[in-house]
Every structure is written in C-alpha cells, then in structure tokens.
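Please read the structure below before turning to the comments.
Values reported hereafter were calculated over all heavy atoms of this structure, with side chains retained and with hydrogens, waters and symmetry mates removed. Protein chains get the first letters and strands the later ones, always in sequence-line order, with residue 1 at the start of each.
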Number of protein chains: 2
Amino acid sequence: MSTPTERVTIKDVAAAAGVSKGAVSLAFNDKPGVSEATRARIFAAARQLGWAPNSSARSLSRQSVDTIGLAICRPARLLGLEPFYMEFISGIESVLAERNCSLLLRLVGSLEEETRLQQSWWRERQIAGSILVDFHQEDPRTGPLRELGLPAVAVGHPTLTGGFPSVWTDDAVAVAEAVRYLAALGHRRIARVGGPAGLGHSAIRAKAFEETMAALGLDGRPHVETGFSGEEGARATRSLLLSADRPTAIVYDNDLMAVAGLGVAAEMGVSVPDELSLLAWDDSQLCRLTHPTLSAMSHDVHGFGAQVTRVLFDVIAGQDVVSRPVATPSLVPRASTAPPRG
Amino acid sequence: MSTPTERVTIKDVAAAAGVSKGAVSLAFNDKPGVSEATRARIFAAARQLGWAPNSSARSLSRQSVDTIGLAICRPARLLGLEPFYMEFISGIESVLAERNCSLLLRLVGSLEEETRLQQSWWRERQIAGSILVDFHQEDPRTGPLRELGLPAVAVGHPTLTGGFPSVWTDDAVAVAEAVRYLAALGHRRIARVGGPAGLGHSAIRAKAFEETMAALGLDGRPHVETGFSGEEGARATRSLLLSADRPTAIVYDNDLMAVAGLGVAAEMGVSVPDELSLLAWDDSQLCRLTHPTLSAMSHDVHGFGAQVTRVLFDVIAGQDVVSRPVATPSLVPRASTAPPRG
DNA sequence: AGCCGCTCATGAACCGGTAAAGCTAGTGAG
DNA sequence: CTCACTAGCTTTACCGGTTCATGAGCGGCT
C-alpha cells in the first residue's frame, strides 16, 4: 500500500468543521458546550476524514487506559486443549465489549515471569487492572503484586489469593457432591485423578475428596495428582486400573483427562460404565461427544469470566469489593456413571 | 488498597538522578549521549522509584505502538474446543515476546463487526497491524480494510485473501494425500465432513477432495458441509453411516468432529477401523487420547502462528512481503485407518 | 440602559514521554 | 594559542488529545 500515511488529527477535523480542537473534543465525548448543529458538522467532518481519536493521546491526557490484562501460565499445548480458557476469555470479552475495552493477553512460562510482566504492564500504564488466575499455594505473585498496588481480581478461593478480592467456584462442595453421588450409586472404591499438587484448587479438591470419603466411611483411595494433560490423565488411569483392587469409579479434575481415561478403559477392555464409572470436571461439548457420553461436574465458565470481569471493573473504580463465589458446579449425569456391577 | 497513586514520571527519576528528562530518555533507550556512570545513576534512581516509561506517552511521542490485533469470529463455545486457536496464539506470542510486543485479542460475532473493530483499532492507533483469519469466499473485510491501509497479514490461500500478503498451508495437496492414502488402503467409498461452505479453506479442501476422487476414478461421495462443532460432526457422521451404501472411510475437517465421529461409530456399533476408517485434520493431543487413536493430517500450528507474526512485522516495517506457504500438513497414520474389511 | 445569566465556543495549559538542536568543557591538530 | 570536534548533557519543541478559565453574544428582567 505504501500509504504516505496522511495522519488525520483532531486539528484537521476542527479545521474541516470550522471550529476549534476543543469543540471537537467536546462533541466526541458527549459533553455539553456544543450546539446540535455544530456537533453534526463535526461528526460529518470526522466521518469524512475517517478520523477517530488517537488512543495514546487520549489516555495520556485522561490519565487512564481502557485495557485489562490477562496472563496465563500453562504450557501452550495444554492450553489449546482445555476448553476452559477460551470460554473463560469469551466471558471476559462479553463484558469488555459493552464497555469498549480491550484485553491484553499473554502466555507466560512461569509465575515469576508473570509477576514481571504484570509489573511492567502496570508501571507503564498499559492496563487498568488484571485478572489473576491459577493460584498456587504460597503463590509467589501475591506479595510483589499487592505491593505494586495493581488493581486486580483473583480467580480462586480467598484462602489462596493472598488478599486480592476474588471470585471462585466452591469446589469443595462440588467434590463432595460428586463423591456422594458415586457412593449413592454403590461405589466403595472411588479414585481421583487430580491436577498438579501445587495448584491451589487441586489442593482444595483433594482435601474435600479425602474428607468426604472419610465421612462416608470409605477408604481414601490413593488419589493421583498429575498434570492436566490428557496423556497424564491416561497414565494415571492406566496405573489405577492395574492396581490390586482397582477402583470402580474415578473422578477427574478436568474433562480432557476424563476423555483420556475413557480411551484407556476401552484399550484395556474395561467396560464403562459397567465395570468402571467416570466423572469429568469442567463439562464441555467434549463430554457429549464420546461414547459413552461423560457424566460431568458442570459450570457456566462463560458466566464465570463475565462475573470476574465485572468485579474487576468495580475494583478499578475504587469500590470496596468483597470476594464472592459464583454458582457451584453441579452434577450432570450421563452415560459414564452407573452402579458398579456385581 | 486505595493507593493515593503517587504517579512517578520521568521528571521524578531525572530529579532523583540529578539529570534532565532528556538524559533519562536517552539512557532508557540505549542511545549514546550519556556516560556509563550517569546511565548507572539513572537506572538506580528508576529502580528505586519503580519507574517505567508510560506507554501512552511513549507511543504518542514516537508515533508508533507495540501492539498487534487479532479478532476471531467464531461462536465462543466452539473456540474453546478447537485446540487450533490457542496453539496458534501461543505461536504468535512466542514472536511477540521476543520483541516486547503485546497481543490485543477480541472475539467478535460477525465479519462486519470485525471490520468495524479493525477500523477503530487502526484509526485510534491502538495497533501496529493485524492478523486476519478465517477468510470467506468474497470476504467482506478485504475491501474496507485494504482501503483503510491497515498493515495486515492474512491466514489463508492467496486466492482468498483479497490482496493481503498471506501465509497458508497447502490444503489442496494435503487433501490429495489423505484421499490417496485411503484409496491405497483399498477404500472406494470415501466421504468427507467439511466445515461451513462459506469458509475459504473448506471450499479449497472440498474442491481438492472432489478432484482427487475423480482423478482416482472414485465417485465423489456426497461430502457433507457442516459447522465445526462436534455435534455437527456427529450429526453428519450419523447421516453418512445411515445412507444406502455407506462410506468405508471419512475425512474430517478438524479433529473435534473426528472424535465425534468416533463416538457415533461406537454408538452405532460400527467398528473402527475394521468397518470404517476415520481421518482427522489438525492433529492435536485429542487424537492420541481416543481408542482407537485417530489418524490425522498433522501440522505445526504453533510454528504457523509464529511465522505469520514474523511476516506481519515485515509488513509493518514496510518491507515488500510476498505470500508464502508454510509446511504442508502431513499424514500421521494411527489406529483409526486400515484397509476396509472384506 | 444596565445587568444578569445562559449557551456556545475559544485558547492555552497540561498529560509524560521523544527527538533534534543547542550548549559547554575538554581534547588533539595545526 | 586558536580552532574544530566530540562526548555529555540540557533545552525546547513537539506528539494529539482533554480540560478549564475566559469571553462573546443574546434574551429577559428591572
């Protein structure tokens, strides 16, 4: 194209409309001080010239930006596979869109890298605030980021998020529901394939799992903590199915691992749900595509993202925000769970 | 936190280091004109005050921004499921990270909406350029966006991208390979479950499919064009398997639909690969998790994203860029394809 | 007529950087 | 000893908006 880039500025629009810069600014910001007639002339001129206010100039002058940050710290290959994030992002976007804001996205390799990134974003005034996800126990981000004064909302249970206002799903309750459901079907040997031990919500679910099992008088089966990838889920399932008194039901920490578990069962000739019940977490379309379809703990991830974003805007606006849960994941029984045979 | 927001500016750093604003700017941009000693003092002061240059001010002054745009136009539920995009994005990020740039991401509902979005992004100087994806035949974006002079790289075959420099995978060749492979196994009735007809690459693949079938003297099975969702893939598969002389092999346009197809085959008691061979596109981990594992046309999506981004930077730098293909997807045979029984 | 108050508009100051021109002391050549 | 030159730093003019104090014009009221 090699456009000589005839940069159009507010001055050109002002000249074209026969007014001053100030008038154009007033008109474009819906402020009083310009007559209807002038306003119309200004808009006509702007449209004619294809002008829109330069966002850098605007935010410099206004001392504010309309972008929020999201850094995700997971290996890329994994991210693609977990439907969770894209759906979460789409929830974020739905709120951003109505406020004409944008999302700055970055995939990072470590929590330390994320800390540095958030620091530059905030110090350089690139973002108005951030959504923090994937909290670990003793998360290294909380200290530096709180000190920084970064406006942020955390996704995760308040016990994990080190003072940041947070939005979370009550996983403990959901886990309990899952276990009780399987127990009610008659399962006694229930196993769990969880996410990485360091990850906060994995720990919460693990604890709730053990406690519920104990409360029901069931022995706490070894629950395997692994990664989040399908391959790790497959490996964990394989080892569970090979163990001496193998479980009759397995609860997974995401849907991908559950799909992998189903594959392993098929491969080993273990019939689902006759000999083995499987229960997924984070219900996505994937759970309805397999045969048998997968029972799952389902929740509204899109709405979750939207809610988090709304809270972030409150934080940015300086309101006093209290942490609050969103709807607890609820059980959607499908064909992969049934009473154990025999 | 209610930080009284003690905004630190370059002036404060200059004062602290006992130099002028100009010196600080020079130091921070690695330009000559400041002694090593002074430079050190400046950095010390900046670190002390936790200062980083305000990005709005910087880009206003420099007349440039370090952000690129990506708008994706697909229903959110779908996006989450297609591993493609996240992996593509991670490829983009890998290049952005080394140049200290950011990605502005937006999910939009229609191509018209995307056009408007790109226009504001560019006119407001929020982005230095864009990556355009999912080209349709007679894509409504090309006209307005070319006119706008937006620096952009298109993902898709040059015949689709209306003059934008593009990066693409040679799907026609890949489709031919897929069909020849199945034919070589002995399949005569090969069907195809494609993406939406309007989508450019679906059309290309459809055409290549028909041509290759014809060249091999096989009758062009009705190939179903549908959406990209698993449910649509399932429906399409079901209808193919119920047809009079059902196909012995099916080629899918993504991996999700192939997984769904596998589910349908299981549900209908059709054995894979004995009675039916399935071949996926966009090989992801998903293909290795099912039982049987899915044969797929595999390509390096991460590298694809990285390459596209590199080309975009060339475009932004004003270089004359020629469209070029990246590696053609290649066949990874797994357990879902075999010679037809009987 | 004089004064008030209102609407509509202007101009200059500012936001926080960058860039180019200007200044100053020190240095080496002639 | 002068002069050109350079390294090192300062000064100043922008970049393209927003905001606020100021003022012109005008109708109504006393």
Side-chain angles (χ1 to χ4, degrees), chain A residues 5-43 45-46 49-67 100 120-128, chain B residues 5-43 45-46 49-67 100 120-128:
Chain A
T5 313
E6 25 15 274
R7 308 191 142 274
V8 180
T9 76
I10 197 174
K11 211 183 285 183
D12 305 316
V13 176
V19 295
S20 69
K21 296 201 305 174
V24 177
S25 178
L26 290 177
F28 258 75
N29 290 294
D30 277 330
K31 296 202 177 165
V34 254
S35 67
E36 262 324 306
T38 315
R39 196 178 293 268
R41 250 185 314 133
I42 291 173
F43 279 125
L49 297 171
W51 177 81
N54 180 309
S55 68
S56 307
R58 184 200 283 252
S59 48
L60 177 57
S61 187
R62 285 210 184 145
Q63 308 263 72
S64 74
V65 290
D66 58 356
T67 304
N100 239 303
S120 357
W121 272 354
W122 175 243
R123 291 190 173 138
E124 295 173 1
R125 293 283 165 348
Q126 282 209 65
I127 56 170
Chain B
T5 313
E6 17 32 83
R7 310 191 140 273
V8 181
T9 76
I10 198 173
K11 211 183 283 183
D12 304 315
V13 176
V19 295
S20 69
K21 296 201 308 175
V24 178
S25 179
L26 290 177
F28 258 76
N29 291 295
D30 278 329
K31 297 202 176 162
V34 256
S35 66
E36 261 325 305
T38 313
R39 195 177 292 267
R41 252 186 313 131
I42 291 173
F43 280 126
L49 296 172
W51 178 80
N54 181 308
S55 67
S56 309
R58 184 200 283 251
S59 48
L60 177 57
S61 185
R62 283 208 185 146
Q63 308 264 70
S64 74
V65 290
D66 56 355
T67 304
N100 240 304
S120 359
W121 273 352
W122 174 243
R123 290 188 173 142
E124 295 174 1
R125 292 290 174 326
Q126 281 206 68
I127 55 170

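The CG-C1' distance, from L26(B) to dA20(C), rounds to 11 Å in whole Å. Residue K31(B) contributes atom NZ, which lies 7 Å from atom C1' of dA19(C) at whole-angstrom precision. Per the geometry, CZ belonging to R58(A) stands 18 Å off C1' belonging to dG16(C), to the nearest Å. Note: CZ (F28(B)) to C1' (dG16(C)) measures 14 Å, nearest angstrom. For the pair R39(A) CZ and dT7(C) P, the computed distance is 13 Å after rounding to whole Å.
At distances below 3.5 Å, not a single donor-acceptor pair connects side-chain atoms of R125(A) with backbone N or O atoms of V65(A). Listed for the S59(A) side chain is a donor-acceptor partner under 3.5 Å among the backbone atoms of S55(A).
Within the structure, a side-chain polar atom (N or O) of S20(A) is placed less than 4.0 Å from OP1 or OP2 of dT10(C). Side-chain nitrogen and oxygen atoms of N29(B) include at least one within less than 4.0 Å of the OP1 or OP2 phosphate oxygen of dT18(C). Considering only side-chain N and O atoms, S56(B) lies nowhere under 4.0 angstrom from the phosphate OP1 or OP2 of dG16(C). Q63(A) has no side-chain polar atom (N or O) that falls below the 4.0 Å cut-off from OP1 or OP2 of dC14(C).
Position along DNA chain C of the nearest nucleotide to G22(A) versus T9(B) favours G22(A) as the more 5'-ward residue. Map A57(B) and T38(B) each onto its nearest nucleotide of DNA chain D; the residue landing nearer the 5' end is T38(B). Along DNA chain D, the nucleotide nearest to S61(B) and the one nearest to G33(B) differ in position, and the one closer to the 5' end is contacted by G33(B).
The side chain of V34(A) lies closest to dA9(C), out of dA19(C), dA9(C), dG16(C). Distance from the side chain of L60(A) is smallest for dG16(C) among the nucleotides dG16(C), dC8(C), dA13(C).
In this structure, the separation between CD1 on I42(B) and OG on S25(B) is 9.5 Å, given to the nearest 0.5 Å. Within the model, atoms CG of N29(A) and CZ of R58(A) stand 5.5 Å from one another, a figure rounded to the nearest 0.5 Å. Expressed to the nearest 0.5 Å, how far CZ of R123(A) lies from CG of L49(B) amounts to 10.0 Å. With rounding to the nearest 0.5 Å, the separation of CG in L26(B) from NZ in K21(B) is 12.5 Å.
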Problem - Worked verdict on Q63(A) versus R7(B) for side-chain contact (heavy atoms from CB on, under 4.5 Å) - result: CA-CA 10 Å; Q63(A) 308 263 72; R7(B) 310 191 140 273; 3.7 Å; yes
Practice task
Assess whether side-chain contact (heavy atoms from CB on, under 4.5 Å) is satisfied between F28(A) and V13(A), documenting all intermediate values.
Solution key: CA-CA 11 Å; F28(A) 258 75; V13(A) 176; 5.5 Å; no
Handout entry: Pair V19(B)-R41(B), side-chain contact (heavy atoms from CB on, under 4.5 Å): steps then yes or no
Key = CA-CA 9 Å; V19(B) 295; R41(B) 252 186 313 131; 4.3 Å; yes
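S25(A) comes within 4.0 angstrom of a nucleotide base, judged by non-hydrogen atoms across all strands. Counting any heavy atom pair closer than 4.0 Å across all strands shown, K21(A) reaches a base atom. Counting non-hydrogen atoms under 4.0 angstrom, V24(A) reaches nothing in the nucleic acid.
Scanning DNA chain D 5' to 3' for nucleotides with an atom closer than 4.0 angstrom to a non-hydrogen atom of chain A gives a first and last hit of dG16(D) to dT19(D).
Between L60(A) and S56(B) the shortest heavy-atom distance is N-CB, 4.0 Å.
Where the helix from dA1(C)-dT30(D) to dG30(C)-dC1(D) starts and where it ends, the local axes point in directions that differ by 60°; five pairs per end, rounded to 10°.
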